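What you see is a predicted model, and the numbers here were worked out from it, not measured in a lab.
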Amino acid sequence: MDKVLDSPAAAVADVPDGAVLAVGGFGLCGIPSTLIGALVDTGTTGLRVVSNNCGVDDWGLGLLLRAGRIARMTSSYVGENKEFARQYLTGELEVELTPQGTLAERLRAGGAGIPAFFTPAGVGTQVEEGGLPWRYAADGSVALASPPKEAREFGGRRYLLEEAITADFALVRAEVADRHGNCVFHAAARNFNPLCATAGRVTLVEADRIVEPGELTPDAVHLPGVYVDRVVAAEPADRRIERRTVRPARQEA
């Protein structure tokens with residue numbers, strides 16, 4: 001089955017207002033910038049996004065956020081986006097902060113059909129006790145707080161129950177995809193992308209290169225095409241670095 005579409009706009013055309021999106025990438029590495037740009041153009045709003053972070057103010061998911069299209073974020077790290085902080089603190093944006101490993105496992109479990117699991121992450125903190133601000137009111141008070149989590153002991157150690165995550169649509173970036181949807185990811189871009197892909201009911205992949213069926217050897221495939229519904233060619237994009245740190249220039253004697 002040929003899953004390649006002519007344009008990113010066609011791939012996201014049926015994403016409705018209020019949809020739950022699982023979006024791959026880590027920082028600005030491996031983000032589906034072409035599909036995000038197409039969503040910005042559609043005007044779709046009220047989106048509930050699950051992603052490790054929310055890009056930066058002028059790139060990645062930050063573009064949807066700046067346009068006021070995101071209603072809720074489930075993330076593990078959001079520290080590089082000033083507009084994110086402004087919307088969260090003024091009550092415009094609902095935010096569920098989740099430990100990074102827990103977020104990854106919630107997506108993996110969702111893709112595997114596992115409804116929930118126990119983890120030691122967060123035991124003895126507000127993750128267990130509840131009360132983390134999910135949404136603020138305009139006056140700065142907490143309008144919605146996280147609920148307490150169920151806890152159990154296994155082998156003398158305490159664990160928390162975490163529910164799996166599934167999404168209406170997954171947006172994923174691959175280095176190579178064939179026309180059947182089999183995907184290969186490059187280096188660190190193989191982070192949240194496969195997890196988001198399996199957790200999505202409809203999975204959209206943008207690829208730097210699209211090849212014919214049979215060009216990818218089975219051992220090279222990171223994500224089987226059975227999880228992929230649509231493939232589009234990724235547009236050339238800036239290879240941005242979220243926070244660049246370099247050594248001072250060495251002074252010559």
Side-chain angles (χ1 to χ4, degrees), residues 1-25 28-51 54-55 58-73 107 110-111 165-186 189-216 221-240:
M1 178 185 295
D2 192 340
K3 299 178 180 179
V4 177
L5 301 185
D6 292 333
S7 69
V12 302
D14 59 345
V15 177
D17 290 348
V20 178
L21 306 181
V23 181
L28 299 181
C29 175
I31 64 172
S33 53
T34 300
L35 291 166
I36 291 170
L39 265 180
V40 171
D41 292 339
T42 64
T44 305
T45 191
L47 297 170
R48 302 167 68 83
V49 180
V50 181
S51 188
C54 197
D58 63 345
W59 194 242
L61 286 170
L63 297 175
L64 281 169
L65 185 73
R66 187 174 63 185
R69 310 284 178 74
I70 299 177
R72 190 180 198 274
M73 281 294 306
L107 287 163
I165 293 174
T166 57
D168 301 315
F169 292 84
L171 277 57
V172 172
R173 176 77 175 235
E175 182 184 30
V176 186
D178 67 17
R179 290 184 172 274
H180 291 170
N182 299 299
C183 295
V184 175
F185 302 97
H186 176 66
R190 188 182 174 187
N191 40 56
F192 278 88
N193 276 302
L195 301 174
C196 289
T198 59
R201 295 181 183 89
V202 178
T203 295
L204 320 179
V205 171
E206 62 179 73
D208 293 317
R209 185 161 59 93
I210 298 175
V211 300
E212 297 301 318
E215 290 190 49
L216 296 177
V221 172
H222 297 145
L223 176 70
V226 68
Y227 292 108
V228 175
D229 299 280
R230 304 167 192 170
V231 177
V232 297
E235 297 172 356
D238 296 341
R239 301 291 186 179
R240 300 196 186 187

Using 0.5 Å steps for rounding, measure from the [atom1] atom of [X] to the [atom2] atom of [Y].
{"X": "Leu171", "Y": "Leu61", "atom1": "CG", "atom2": "CG", "value": "8.5 Å"}
{"X": "Cys183", "Y": "Asp178", "atom1": "SG", "atom2": "CG", "value": "7.5 Å"}
{"X": "Ile36", "Y": "Arg173", "atom1": "CD1", "atom2": "CZ", "value": "10.0 Å"}
{"X": "Leu204", "Y": "Cys196", "atom1": "CG", "atom2": "SG", "value": "12.0 Å"}
{"X": "Leu35", "Y": "Glu235", "atom1": "CG", "atom2": "CD", "value": "9.0 Å"}
{"X": "His222", "Y": "His186", "atom1": "NE2", "atom2": "NE2", "value": "11.0 Å"}

So does [Y] get a backbone contact from the side chain of [X], meaning a donor-acceptor N/O pair under 3.5 Å?
{"X": "Glu206", "Y": "Ala233", "result": "no"}
{"X": "Lys3", "Y": "Val205", "result": "no"}
{"X": "Ser51", "Y": "Val23", "result": "yes"}
{"X": "Asp168", "Y": "Ala19", "result": "no"}

Given Val231 and Leu5, is the side-chain contact (heavy atoms from CB on, under 4.5 Å) satisfied, shown in steps?
CA-CA 6 Å; Val231 177; Leu5 301 185; over 6 Å; no

Given side chains that start at C-beta, do those of [X] and [Y] come closer than 4.5 Å, heavy atoms only?
{"X": "His180", "Y": "Val226", "result": "no"}
{"X": "Val211", "Y": "Leu216", "result": "yes"}
{"X": "Pro32", "Y": "Val172", "result": "no"}
{"X": "Phe185", "Y": "Val176", "result": "no"}

Shortest non-hydrogen contact between [X] and [Y], atoms and distance:
{"X": "Leu107", "Y": "Ala22", "value": "CD2-CB, 4.3 Å"}
{"X": "Val20", "Y": "Thr166", "value": "CG1-O, 3.9 Å"}
{"X": "Ala170", "Y": "Gly200", "value": "CB-CA, 3.9 Å"}
{"X": "Val232", "Y": "Ile210", "value": "C-CD1, 3.9 Å"}
{"X": "Ala197", "Y": "Thr203", "value": "O-OG1, 2.7 Å"}
{"X": "Gly30", "Y": "Asn193", "value": "O-ND2, 3.0 Å"}

Step by step, would you call Ser33 with Leu28 a side-chain contact (heavy atoms from CB on, under 4.5 Å)?
CA-CA 9 Å; Ser33 53; Leu28 299 181; over 6 Å; no

Electrostatic pair Glu212:Arg179 at N-O distance under 4.0 angstrom:
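Between Arg179 and Glu212 there is a salt bridge, with a charged N closer than 4.0 Å to a carboxylate O.
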
Given the rule in the side-chain contact (heavy atoms from CB on, under 4.5 Å) test, do Leu39 and Leu64 qualify, once you have shown the distances and angles that lead to the verdict?
CA-CA 8 Å; Leu39 265 180; Leu64 281 169; 4.2 Å; yes

Check step by step if side-chain contact (heavy atoms from CB on, under 4.5 Å) holds for Arg66 and Asp58.
CA-CA 8 Å; Arg66 187 174 63 185; Asp58 63 345; 4.1 Å; yes

Under the side-chain hydrogen bond (donor to acceptor under 3.5 Å, both in side chains) definition, can you give me all pairs with a residue in residues 4-15, not counting sequence neighbours?
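Sorted result for residues 4-15: Asp14-Arg230.
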
side-chain contact (heavy atoms from CB on, under 4.5 Å) with Phe169: which of Val15, Leu47, Val12?
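Of Val15, Leu47, Val12, side-chain contact (heavy atoms from CB on, under 4.5 Å) with Phe169 is met by Val15 alone.
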
